[in-house]
Student: 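Quick one: this structure, given as structure tokens, is what I'll be asking you about.
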2 protein chains.
Amino acid sequence: MARIKDVAAYAGVSVATVSRVLNSNPSVTAETRDRVYAAMTALNYRPNAVARSLRTEATRTLGLIIGDILNPFFTELARAVEDEAREAGYTVVIGNADERADQQDHYVRTLLEQRVDGLLICPTAEVTPLVEELAGGDLPLVFLDRTLPGMEVPSVRVDGTGAITELVAHLRALGHLRVAFVSGPGTLSTGRERTEAFLAAASANGLDVPAEYVRVGDFRAGSGQALTSALLDLPEPPEVIFLGDNLMALGALDEIRKRGLRVPDDIALASFDDVPWFAHTHPPITAISQPTAELGRRAVRVILGRLRGEPAESVVLPAVLTVRESCGEAGRVAL
Amino acid sequence: MARIKDVAAYAGVSVATVSRVLNSNPSVTAETRDRVYAAMTALNYRPNAVARSLRTEATRTLGLIIGDILNPFFTELARAVEDEAREAGYTVVIGNADERADQQDHYVRTLLEQRVDGLLICPTAEVTPLVEELAGGDLPLVFLDRTLPGMEVPSVRVDGTGAITELVAHLRALGHLRVAFVSGPGTLSTGRERTEAFLAAASANGLDVPAEYVRVGDFRAGSGQALTSALLDLPEPPEVIFLGDNLMALGALDEIRKRGLRVPDDIALASFDDVPWFAHTHPPITAISQPTAELGRRAVRVILGRLRGEPAESVVLPAVLTVRESCGEAGRVAL
DNA sequence: TACCCTCGTGAAATCGATTACATGGAGGGC
DNA sequence: GCCCTCCATGTAATCGATTTCACGAGGGTA
């Protein structure tokens, strides 16, 4: 593959001049510039980003570590991050932690060795020494979707409190009294905050939530299924199960389907985190929608800001309730 | 950040020795090795992959360009590719072409500049000069999921012919006579082959398929919706619409829902490409399942083989039919 | 004792770009 | 006509690793 040296020789100039053309340095004559461009085309030259990065100490690359690439929420997030980064001339390297701390750390290490210019992490529930070290280091770092308690890292995330409060009121209005919540790990903001919001809203609406109605899942379909099963096996099972994310809702649907139960008559269902196909299930699922794409875009802006030396500020976006039919239809209840 | 030179100074050895330790070269005393490791830990040293790649002319990185990251099929594919690559010590950089030739080319260029060791491409329908050049070049290249006509590039893909034949027979057995197919672009193997298989199976089953029953979509939800709408508006609309991928099926569902029609009574539906939530729609959707993860893993093996100098052989995997209820229930039809 | 081989280690070249500094020529002011 | 300035370009150091080659010590053999 042609190197800058070959282009220089072909164009009859020095490598410095070719480099200047590559970086659109204005102090190059139009005539020389054209000759260099012609040489590049003739030799099919492609600049070596590896060499450039070594010299400039910048890779124009961002690392993104997501919880689970099979989760449509993270997919949409990743896409938004990539779009925003590309527009700014950055490449994104995605690492799929699969909600496992060791795999998250594997990608952190790899991305550090690759010398990414910044790191966006959706941290796993378990806080690792590596991530703690990162928080104290000077690589631009942003927590995405989730925060970890006691860590001074700027974050970009969604606050679901308002939407959860609205959802509980909606359930109450439909006449439901026994509502269970399958949340995420308490070490993650997305687990902790949603649980607190749910309990506060329940109490505000006069709902009694026994301890066994609040379960802790891991944001994967399997735990949604297992915990739904456990809830349905209670001596007094809930009338509604509210799942903490779309994958756990999928698991719950699997379990409900397996048991031959009907939604919402036998058991009502709601989910935090809306995905397109929720509109097409039987029945369509009431869910809390997050501004996922906006989340990703804002995170990139925060980290690019840090790269320009601006102070990083955390961002919190609101979620909204999308009422469908899985908790009972207003019309039907009114009868 | 600590460099190899710092580690060498701290351990009282030369940079060459540190490098040997890094690369587990056996000709280093256990005692020296331990001293070097201690120095690395003390300085929190992380090898600079950029410098290493410049020298070794290998990045241990693979590029993967997919059609659309929001499509669960590609997500699963990407995940499998990443898993298999990671096990072999490779990093994957994903580019989302969004089914657009210009964006595909953007990622090809970026990945070439980053000097990836190999490239896995799910090519867009439009063949670009850049991709043609690539096919003639010496960078290991594999086409994934799709092939392009007349290009000598090893590919790893699925053959749906058998499953499509089975599906058509299934439709015929349920009593359907008017079956429409929304396929993908004819320049892609996934479009061309599926159409041919469908037409052959239809004729074998004595079904008459008028030209207006065969539509060409672009594997995106929007075209599934638009083409479903067009089909439903025909003077003699089909009884069944068979969609060429899961996103077009989602679009079709949107249109059907908008019109207030019922599946399968008003219009039956089937999809090439199965996704988990097809089991949870109303009604569950009959689909052709692809061995998606296997596809991704095999592609990585082919390209890693080429990197080791082995000749690359194309791989073709079979798809299978998963009958659900969206084409009518056998039981019901029997009544 | 002389010779040679092996083994562990070090010095220095190298990968392909960027960039600080040097250089030479043109042009302008006096 | 001299000198200074500025501008376009070139020379060479540099980024952080790997790798070739050389070297010196130690051990075995004759």
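The model shown is predicted, which means the values in this text are computed figures rather than measured ones. Labels below follow one simple rule: chain letters A, B, ... track the order of the sequence lines, proteins then strands, and each chain is numbered from 1.
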Student: For the pair made of NZ in A/K5 and P in D/dA12, what is the distance, rounded to whole Å?
Tutor: 14 Å
Student: Between B/T32 and A/V18, which has a closest nucleotide on DNA chain C that is more 5'?
Tutor: B/T32
Student: Whole-Å distance between C/dG16 C1' and A/D6 CG?
Tutor: 10 Å
Student: For B/D138, does the CG atom have more than 12 heavy-atom neighbours from other residues, nucleotides or ligands under 6.0 Å away?
Tutor: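 Open: at most 12 neighbouring heavy atoms sit under 6.0 Å from CG of B/D138.
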Student: Should the heavy atoms of other residues, nucleotides or ligands under 6.0 Å from CD of B/E310 be counted, would the total exceed 12?
Tutor: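 Yes - once you tally the heavy atoms of other residues, nucleotides and ligands closer than 6.0 Å, there are more than 12.
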Student: Atom CD1 of A/I4 and atom P of C/dG16: how far apart are they, to the nearest Å?
Tutor: 11 Å
Student: So does A/T17 get a side-chain nitrogen or oxygen closer than 4.0 Å to the phosphate oxygens (OP1/OP2) of D/dG10?
Tutor: yes
Student: Taking the side chain of A/N48 as heavy atoms from C-beta outward, which of C/dG16, D/dT18, C/dT9 is closest to it?
Tutor: C/dG16
Student: If we only count heavy atoms from C-beta on, is the A/V36 to A/V13 side-chain gap below 4.5 Å?
Tutor: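 Yes, close enough: below the 4.5 Å cut-off.
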Student: Nearest of C/dC15, D/dA8, D/dT19 to any side-chain atom of B/E57?
Tutor: C/dC15
Student: Quick check on DNA chain C: between B/G12 and B/L54, whose nearest nucleotide comes earlier from the 5' end?
Tutor: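 Closest to the 5' end, via its nearest nucleotide, is B/G12.
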Student: Could you state the atom-to-atom distance from OH of A/Y45 to P of C/dG16 in whole Å?
Tutor: 10 Å
Student: Taking only side-chain nitrogens and oxygens of A/T56, does any of them come within less than 4.0 Å of OP1 or OP2 of C/dA17?
Tutor: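 No, no such contact exists.
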Student: Please determine if a side-chain N or O atom of B/R52 lies less than 4.0 Å away from the OP1 or OP2 oxygen of D/dA17.
Tutor: no
Student: Evaluate the side-chain proximity of B/Q290 to B/D145: yes if any heavy-atom separation is below 4.5 Å, no if none is.
Tutor: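 The answer is yes, as the side chains (C-beta and beyond) meet within the 4.5 Å cut-off.
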Student: Taking for each residue the nucleotide of DNA chain D bearing the nearest heavy atom, is the 5' side occupied by A/P26 or by A/A16?
Tutor: A/P26
Student: What is the distance, rounded to the nearest whole Å, between atom CG of B/N23 and atom P of D/dT20?
Tutor: 12 Å
Student: Decide yes or no, distance alone: a donor-acceptor N/O pair under 3.5 angstrom between the base of C/dG8 and the side-chain of B/R33.
Tutor: no
Student: Could you check whether A/V50 gets within reach of a base, just the sugar-phosphate, or nothing at all, counting any heavy atom under 4.0 Å?
Tutor: nothing
Student: For B/T29, report the nucleic acid contact type (base, sugar-phosphate, nothing); a contact means any heavy atom under 4.0 Å.
Tutor: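 Touches sugar-phosphate only.
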Student: Quick check: do B/I94 and B/V81 have side-chain heavy atoms less than 4.5 Å from each other?
Tutor: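 The answer is no, as the side chains (C-beta and beyond) never meet within the 4.5 Å cut-off.
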Student: Answer with yes or no whether A/R55 presents, from its side chain, a donor or acceptor under 3.5 Å of a partner atom in the base of D/dT14.
Tutor: yes
Student: The side chain of B/V15 lies closest to which of these nucleotides: D/dC15, D/dT18, C/dG10?
Tutor: D/dT18
